[in-house]
Amino acid sequence: MTESKPPIRVRFAPSPTGHLHVGNARTALFNWLFARGQKGSFILRIEDTDVERSQADFERQLLEDIRWLGLDWDEGPDVGGLHGPYRQSERTDIYRKHGMKLVESGHAYYCFCTPLELEADRKTALSQRRQPRYSGKCRQLSREEVSRRRQAGEPASTRLKIPEEVLSFPDLVHGLTRFSPDAIGDFILLRPGGQPAYNFAVVVDDHLMQISHVIRGDDHISNTPRQVAVYRALGWELPQFAHLSTILAGDRTRLSKRHGATSVDHFREMGLLPEAITNYLALLGWSAADGVTEILSREQLTAQFSLAHIIKSPAVFDLQKLFWLNRHYMKGSPLERLVKLSLPVLRSAGYLGEQVGKETEQWLELVLGAVLKNVDHLSQLPDPVRLIFHFDGREAVQAEENKDVIESEDSRRVVDSFCQRVAAAGELDSDKFRALISEVRNETGQKGKNLFHPIRVALTGRTSGPEMDKLVPIFEQGAKLSLPNPVKNCAERAREFARFALKGAAD
RNA sequence: GGCGCUAUCGUCUAGGGGUGAGGACGUGAGAUUCUCAAUCUCAAAACCCGGGUUCGAUUCCCGGUAGCGCUGCCA
């Protein structure tokens, strides 16, 4: 007699209070990887019981961020499913029903204490250095009194009776975790309005949605005994728990906005690739079985992911390592895709207009091919690309860093020879450029650095940049496009530079 | 304050009663290249502290310390 295992079902249950932060993104990813690797289901549930803080627009942003990361869900608020609705705000009746059941079975009771009273109790407890927990005042109320006060319309919340027994649960990453009930007060299940409190809603939902594994942040560890109490009161079986460590910032405090870019949408705006982000996030608290491999595709990740290799200690978020992975994935990415992704950045830098034609996109592939290895992410593009769109012969000649090129006899001869030839050459391509260079070499006797450096300065105004034979076709073809910042071709550049350089030399 | 979680190079991590404590990011040096970058090679860099168990602990146990979390009619 083989007992068939219940299907793997996991969920990601964010509150719609803003964009997806890296901590949550990592939780979502681990759930997703586990589901996909185990041929299970990944469920998205929106925890919007706090009506004041939840907004429809935030939910939209959240879904967008998760989807952009490449995580898809099998059941959720937008796609539906057998265990819906998937928004807690639409499940109030369900919570109310289970709350009533608990009151009837004697596991819960109505509490008439006002927030003001409770706050006062809390304060005195704190001032007496006592544990601030609910006194259980309303536990003793007689049936009659309760129904009388309820009928009089007095607002009542519903509280769970915490039993006098150790509340423990096995955790897949932390092992058996136990809590003494002394530290836990009778907490609120339902607010007077009937809206559920978090610790109640999660349990009801996770059970009804048949969640097999609850994988979430370890900030929920201390909440788990409360939830265990709810499971017991309802006579439900516990799911498997796996609590993931926190992601910290470099100063070892919880990662937050003040630490800079920490949300998925921000990373998207920076032009980071989603596969770089998921790869990086996977490395935070998890490692491949061989302990060595760090670059893992989405497929490798799902195939290799295992809860057994999750680490317990918190991890510090390291942007540098994310950038390293991003550079890696940019290198392996088709230029066509990267061009599309960099359009907004180049546009807002003023280098592109609203309409970008096919030829321009093809030309941009050349541009990216030349400068990509100089950037961590796409939004750094405007800087290395500047020398393509901006060239001013006077500035180039006057620039301090170019002084030695202007002043040295040898390099002036190179510039001179080169500029004359360019003027006569017509349109250049890499081959023609190389041929021209070797003519200059023969004429001036300069080679290597002494040959290329003056030419680089003459054509770009800079002492460093991408390889010249990549740059030349970019200049030439770029000049034929109509762009907000017209690109000057080699002949124009050389002419401008020569004019100012010669003038300076005449003195 | 109480309770809980955590502790290996600067950072992410592997490992585990006897190891030259492995890898990666970053850093430094060198090689290559027309420059920068990229690339390649090499190097420096760690078991939080104190007790216990043990022939032997970085590893197991206890305590301390530090960080983080919970202690809400937030989630």
Side-chain angles (χ1 to χ4, degrees), chain A residues 13-17 47-50 52-54 88 111 113-115 118-119 122 125-134 155 157-159 171 173-174 177-180 182-185 187-193 195-199 201-202 216-226 243 245-246 248 250-254 280 283-295 309 311-325 327 331 370-375 384 437 446-457 460 462-469:
Chain A
S15 290
T17 52
E47 310 222 317
D48 55 353
T49 53
D50 186 350
E52 281 170 29
R53 278 173 43 184
S54 300
Q88 291 189 329
C111 169
C113 298
T114 66
L118 295 170
E119 186 51 32
R122 243 180 70 83
L126 242 28
S127 69
Q128 292 169 209
R129 312 192 134 205
R130 281 194 353 258
Q131 171 87 320
R133 52 172 250 206
Y134 180 61
S157 57
T158 309
R159 285 185 187 270
D171 188 295
V173 352
H174 295 276
T177 311
R178 37 177 87 232
F179 288 81
S180 153
D182 319 338
I184 303 163
F187 66 94
I188 302 248
L189 262 20
L190 295 167
R191 298 177 235 192
Q195 310 95 323
Y198 168 76
N199 282 308
V202 248
R216 58 169 31 159
D218 69 1
D219 46 334
H220 288 293
I221 283 190
S222 307
N223 282 322
T224 310
R226 292 179 180 78
H243 286 100
S245 67
T246 326
L248 304 175
D251 58 5
R252 295 243 154 224
T253 63
R254 201 187 185 75
Y280 176 69
L283 262 22
L284 248 34
W286 176 84
S287 58
D290 65 4
V292 169
T293 313
E294 297 204 301
I295 292 179
H309 287 101
I311 203 177
K312 297 187 272 193
S313 51
V316 170
F317 188 83
D318 180 12
L319 206 53
Q320 286 309 316
K321 192 149 184 177
L322 210 206
F323 286 166
W324 166 67
L325 279 165
R327 276 181 254 129
K331 269 181 250 162
V371 302
L372 213 53
K373 48 189 182 307
N374 295 57
V375 298
I437 284 278
Q446 301 295 328
K447 58 183 180 182
K449 190 174 180 166
N450 292 336
L451 178 64
F452 277 88
H453 187 65
I455 290 171
R456 168 179 298 283
V457 169
T460 70
R462 308 281 193 87
T463 56
S464 69
E467 296 87 333
M468 287 311 298
D469 46 355

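- A sub-4.0 Å separation between OP1 or OP2 of B:A14 and a side-chain N or O of A:Ser287 is present.
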Between protein and nucleotides 34-39 of chain B, map the contacts as a letter string: B base, S sugar-phosphate only, - none, heavy atoms under 4.0 Å, written 5' to 3'.
BBBBSS

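- One cannot find a donor-acceptor pair under 3.5 Å joining the base of B:G69 and the side-chain atoms of A:Thr246.
- Minimum atom distance to the side chain of A:Arg254 is reached by B:G69, of the listed B:C70, B:G69, B:C5.
- Atom C1' of nucleotide B:C68 and atom CG of A:Leu284 are separated by 15 Å, given to the nearest angstrom.
- For B:C48, the paired nucleotide is B:G64, the pair qualifying as Watson-Crick or G-U wobble because both relevant distances are below 3.5 Å.
- Among the heavy atoms of the strands lying under 4.0 Å from A:Gly285 are primed sugar atoms or P, OP1, OP2 only; no base atom is included.
- Nucleic acid contact class of A:Arg122 (heavy atoms, under 4.0 Å, all strands): sugar-phosphate only.
- Checking the phosphate oxygens (OP1, OP2) of B:U71, no side-chain nitrogen or oxygen of A:Arg226 falls inside 4.0 Å.
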Provide a list of protein-nucleic acid N or O atom pairs under 3.5 angstrom, restricted to nucleotides 62-66 of chain B.
none

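- As judged by a 4.0 angstrom heavy-atom cut-off over every strand, A:Ser245 is placed among residues making no nucleic acid contact.
- Both A:Ser313 and A:Ala183 sit near RNA chain B, but only A:Ala183 has its closest nucleotide nearer the 5' end.
- When distances are taken from the side chain of A:Pro132 to each of B:U71, B:C70, B:G67, the shortest belongs to B:U71.
- Nucleotide B:A37 forms no Watson-Crick or G-U wobble pair with any nucleotide shown, as no partner meets the under 3.5 Å limit on both distances.
- Closest contact between the side chain of A:Lys312 and the listed nucleotides B:C68, B:U6, B:C5 involves B:U6.
- Considering only side-chain atoms of A:Lys321, the nucleotide from B:C73, B:A75, B:A24 that sits closest is B:A24.
- Between A:His243 and B:C5 there is no side-chain polar atom (N or O) within less than 4.0 angstrom of OP1 or OP2.
- Nearest-nucleotide assignment on RNA chain B puts the 5′-proximal partner with A:Phe179, out of A:Ala315 and A:Phe179.
- Side chain A:Glu294 to base B:G23: a donor-acceptor pair is found below 3.5 Å.
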